[in-house]
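Okay, so here's the structure we're looking at.
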Amino acid sequence: MLLNPVISKLSGKLVVLASASPRRLEILSNAGLRFEVVPSWFKETLDKSLFKSPYDYAVETAKQKALEVAHRMPFVSCLYLYTVDGLILEKPTDKQDAYRMLSRLSGKEHSVFTGVAIVLCHDKSSDTDYKVVDFYEETKVKFAELSEEMLWEYINSGEPMDKAGGYGIQALGGMLVEYVKGDFLNVVGFPLNHFCKQLGLIFNSPPESPAHKIKRESDEAWSLVNSLSEGAANGEVELLENGKDVSQSSMQEQIVIGPECSRQDIPHSIVSLLDGFKASKTLFTASKLKVFDVLNSSNSLTLEEVAGQINASVLGTERLLEAAVSLGLLERVKQQNTSVYRNTEQASRFLVSESPESLNGYILHCNDMVWPLFSHLENAVREGTSQHELAFGKKNEDVFQDAYYSKDEVKIRFMDAMHSIARVTGKDVATAFDLSPYKTACDIGGCTGAMAYEFTKAHPGLSVIVFDLPQVIEMRRHFQPKEADDRVSFVAGDFFKDDLPKADLYILARILHDWSDEKLDVLLSKLSKMCTPGCGLLVSEILLDEERKSPSRALLQALSMTEGKQRSPTEYSDLLQKHGFTLKHINHTDNLLDAMLFVKEDPNDRRTLLGCSSASIETAELE
Ligand code: SAM
């Protein structure tokens with residue numbers, strides 16, 4: 001009775017989940033909530049030691065993640081709700097780590113906390129006004145005494161890997177649990193009951209009583225909007241409560257619900273889409289003119305100083321800076337009666353070209369390469385292919401060889417784009433699975449090696465060969481890290497024509513979506529021949545949901561593709577099953593790329609031959 005009135009109040013509004021954890025998607029869609037998924041880019045790097053309790057940490061992380069999405073996708077006169085759970089016990093890094101975590105839970109009661117943050121966003125004439133409602137839910141879980149044999153049997157099932165706290169209560173891990181006190185769904189991943197009660201309070205609040213007063217006075221949340229603080233340490237938190245070992249395990253998640261339009265007759269989400277291209281081009285132009293770089297080197301500058309340094313008109317620069325402030329990319333503050341501009345925390349981290357996590361390379365690629373293609377989208381739709389010839393005056397059969405690599409300047413820009421995304425996502429992809437069985441990997445189409453270096457950093461026993469076209473390999477030194485790991489080596493070749501290096505794990509990061517099924521058959525048959533049973537194949541792509549409705553990032557990217565397509569886990573699994581690879585694990589990383597781990601099956605093993613790919617999806621561990 002509580003739920004339906006709330007859900008019906010949300011109908012007609014856009015609901016955005018800021019991460020793609022399938023368990024939460026399932027819980028919320030079962031509750032009748034319709035939503036879009038927009039993963040947050042905020043990294044979970046708050047210093048846990050600064051928080052009084054694990055739930056404070058969880059709630060704070062929720063807010064930061066939620067606000068990041070709100071800033072990135074600012075709707076006018078809207079309401080957003082975000083939910084986050086706090087990760088206190090990390091995911092086990094390997095079997096020993098899983099053993100360490102689970103043996104500590106054995107025979108004891110522990111608590112699972114989920115922090116939820118709801119951000120309400122209103123337009124106040126020229127400024128957007130954010131208010132935050134937050135809460136947490138605690139559920140106690142008691143583990144049975146686990147014998148060594150049970151522990152190892154569970155660990156060897158593979159289930160604990162990639163699970164925060166090392167167990168999944170909704171599957172095999174349920175057998176370890178003696179009792180649960182509180183909301184079971186909270187342990188699975190989302191405190192639905194508490195969430196609905198909060199929604200009820202928000203929607204039933206009289207307009208004069210601001211929703212942010214419902215539970216926690218969030219005055220501090222106000223200041224958070226302006227100061228997205230960042231911590232550093234990533235340690236584990238342990239509490240002793242009533243003499244019991246209380247370990248907190250939960251997973252990160254956030255929900256954005258919006259827009260809640262103050263005027264129901266105005267299509268706010270359409271209006272913000274109408275302006276979306278202007279916002280993108282503002283970001284591109286500020287990056288191209290090096291606004292973030294000049295502000296980084298001087299900390300803060302007046303309008304005239306910025307205009308001078310970027311060599312642009314004062315009027316034009318003022319318009320650009322003001323637009324960037326409105327998008328949350330820059331801040332304007334008063335210093336001794338003068339207005340000065342400076343980078344926001346996010347801009348310093350992701351937009352300054354020298355920052356280790358800079359997206360600058362990718363932004364310039366979007367500006368110079370993707371933007372012109374999108375300006376011919378009508379033709380692309382009519383003809384069913386990208387418009388390189390119209391946009392750049394050159395036909396292309398193979399987008400890499402004919403378009404990206406035809407000129408050194410374009411090639412370096414493309415490589416820089418790949419490099420920047422790989423540096424931001426590489427760690428999450430590299431640590432998505434237990435790769436300890438593998439000693440040698442080959443990163444097919446590994447470009448600058450940025451992803452390969454993340455793999456060697458994460459797996460001390462692994463060496464990685466980067467295989468890419470000769471034109472790319474010859475430029476690799478431009479992108480070599482200062483302290484290059486000699487476990488990364490480079491081999492030049494064409495993956496459609498040449499022999500591939502031998503390895504026991506192959507990595508295909510952002511390769512499969514680019515090619516037609518026919519071309520992929522050539523590459524995958526070759527890979528299949530190289531792989532003996534047990535060999536791994538790690539695919540990293542943006543995974544579509546099974547209904548092919550989200551994330552839009554993947555579907556929008558497809559609009560300018562020459563060939564190829566975006567796929568869901570089942571579609572990737574079907575593609576690879578044909579070549580003898582069975583899906584074992586999926587990890588929705590919450591970062592820009594997800595990951596899937598396939599294993600080459602023994603063709604003589606009747607059981608594996610009989611397993612169809614949709615069955616393998618069901619048995620694959622979904623994170
Ligand atoms: N895997 C990298 C990553 O995720 O950062 C780069 C992905 S990029 C979309 C595709 C890569 O495949 C490029 O580095 C490109 O040079 C490489 N590539 C394209 N065609 C190739 C071919 N025929 N043989 C080898 N590499 C190729």
Side-chain angles (χ1 to χ4, degrees), residues 397-401 404-405 411 414-415 418-419 422 426 429-430 432-433 435 437-456 459 461-476 479 485-541 563-564 567 572-584 593 595-603:
E397 299 292 329
D398 176 320
V399 68
F400 296 97
Q401 318 240 28
Y404 297 154
Y405 302 155
K411 176 167 64 174
F414 174 75
M415 289 178 71
M418 296 303 103
H419 192 70
V429 174
F433 309 111
L435 300 181
Y438 307 112
K439 299 295 165 234
T440 51
C442 176
D443 188 2
I444 306 280
C447 205
T448 66
M451 195 69 96
Y453 286 112
E454 292 297 340
F455 272 77
T456 52
H459 305 283
L462 189 71
S463 31
V464 184
I465 302 162
V466 176
F467 183 87
D468 211 302
L469 291 165
Q471 320 65 317
V472 171
I473 297 295
E474 72 187 15
M475 297 294 221
R476 70 182 188 277
F479 299 92
D485 190 327
D486 59 11
R487 283 179 294 134
V488 175
S489 54
F490 291 80
V491 171
D494 182 327
F495 53 52
F496 291 124
K497 298 185 186 142
D498 299 324
D499 289 342
L500 301 174
K502 184 86 190 119
D504 44 31
L505 171 72
Y506 287 91
I507 301 163
L508 287 170
R510 288 188 288 170
I511 303 297
L512 299 182
H513 73 269
D514 268 328
W515 306 102
S516 64
D517 284 3
E518 295 71 42
K519 285 194 182 160
L520 287 181
D521 277 343
V522 175
L523 170 61
L524 294 173
S525 313
K526 211 185 264 220
L527 268 176
S528 184
K529 283 196 196 109
M530 294 298 294
C531 288
T532 47
C535 267
L537 178 59
L538 192 155
V539 172
S540 181
E541 294 282 354
E563 52 184 312
R567 296 175 175 85
Y572 277 116
S573 177
D574 287 346
L575 179 74
L576 285 154
Q577 186 81 49
K578 280 197 285 173
H579 297 278
F581 295 98
T582 297
L583 177 59
K584 293 292 178 195
L593 294 173
M596 306 173 84
L597 185 64
F598 294 82
V599 170
K600 178 75 190 301
E601 297 292 358
D602 184 346

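The structure displayed is predicted, hence computed values, not measured ones. Numbering of residues begins at 1 and proceeds along the displayed sequence.
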Which atom of [X] lies closest to which atom of [Y], heavy atoms considered:
| X | Y | value |
| --- | --- | --- |
| I507 | A441 | CD1-CB, 4.1 Å |
| A595 | L538 | CB-CD2, 4.4 Å |
| C447 | M418 | SG-CB, 3.9 Å |
| L593 | M451 | CD1-CE, 4.1 Å |
| P470 | A492 | CA-CB, 3.8 Å |
| G449 | V466 | CA-CG2, 3.9 Å |

State the [atom1]-[atom2] distance between [X] and [Y], to the nearest 0.5 angstrom.
| X | Y | atom1 | atom2 | answer |
| --- | --- | --- | --- | --- |
| K584 | S573 | NZ | OG | 10.5 Å |
| E474 | L469 | CD | CG | 10.5 Å |
| I444 | L508 | CD1 | CG | 6.0 Å |
| T532 | D602 | OG1 | CG | 10.0 Å |
| W515 | L520 | CH2 | CG | 9.0 Å |
| S540 | M596 | OG | CE | 10.5 Å |

Using modelled atom types only, decide if a donor and an acceptor are shared between the side chain of [X] and the backbone of [Y] within a distance under 3.5 Å.
| X | Y | answer |
| --- | --- | --- |
| K411 | Q471 | yes |
| S525 | D521 | yes |
| D468 | I473 | no |
| E541 | I511 | yes |
| R487 | V464 | no |
| D504 | T440 | yes |
| Y404 | Q401 | no |
| K526 | L500 | no |
| K600 | C535 | no |

Does the side chain of [X] reach to within under 4.5 Å of the side chain of [Y], using non-hydrogen atoms?
| X | Y | value |
| --- | --- | --- |
| D443 | Y506 | no |
| V488 | F455 | no |
| V539 | L512 | yes |
| M415 | V472 | yes |

Heavy-atom count check: over 12 atoms from other residues, nucleotides or ligands less than 6.0 Å from D499 CG? no

Check this for me: K529, atom NZ, are more than 12 non-hydrogen atoms of other residues, nucleotides or ligands nearer than 6.0 Å? no

Salt bridge (Lys or Arg N to Asp or Glu O under 4.0 Å) partners for R510, two or more places apart: none

Could you check, using the six-membered ring where one of them is a Trp, whether F490 and F467 have ring centers closer than 6.0 angstrom? no

Indicate whether the side chain of T448 and that of H419 have a donor and an acceptor atom separated by less than 3.5 Å. yes

Does the pair F598 and F581 meet the rule for a ring-ring contact (aromatic ring centres under 6.0 Å, His included), with working shown? CA-CA 6 Å; F598 294 82; F581 295 98; 7.3 Å; no

Take D517 and K578 through the salt bridge (charged side-chain N to carboxylate O under 4.0 Å, His left out) test and state the conclusion after the steps. CA-CA 11 Å; D517 284 3; K578 280 197 285 173; 5.4 Å; no

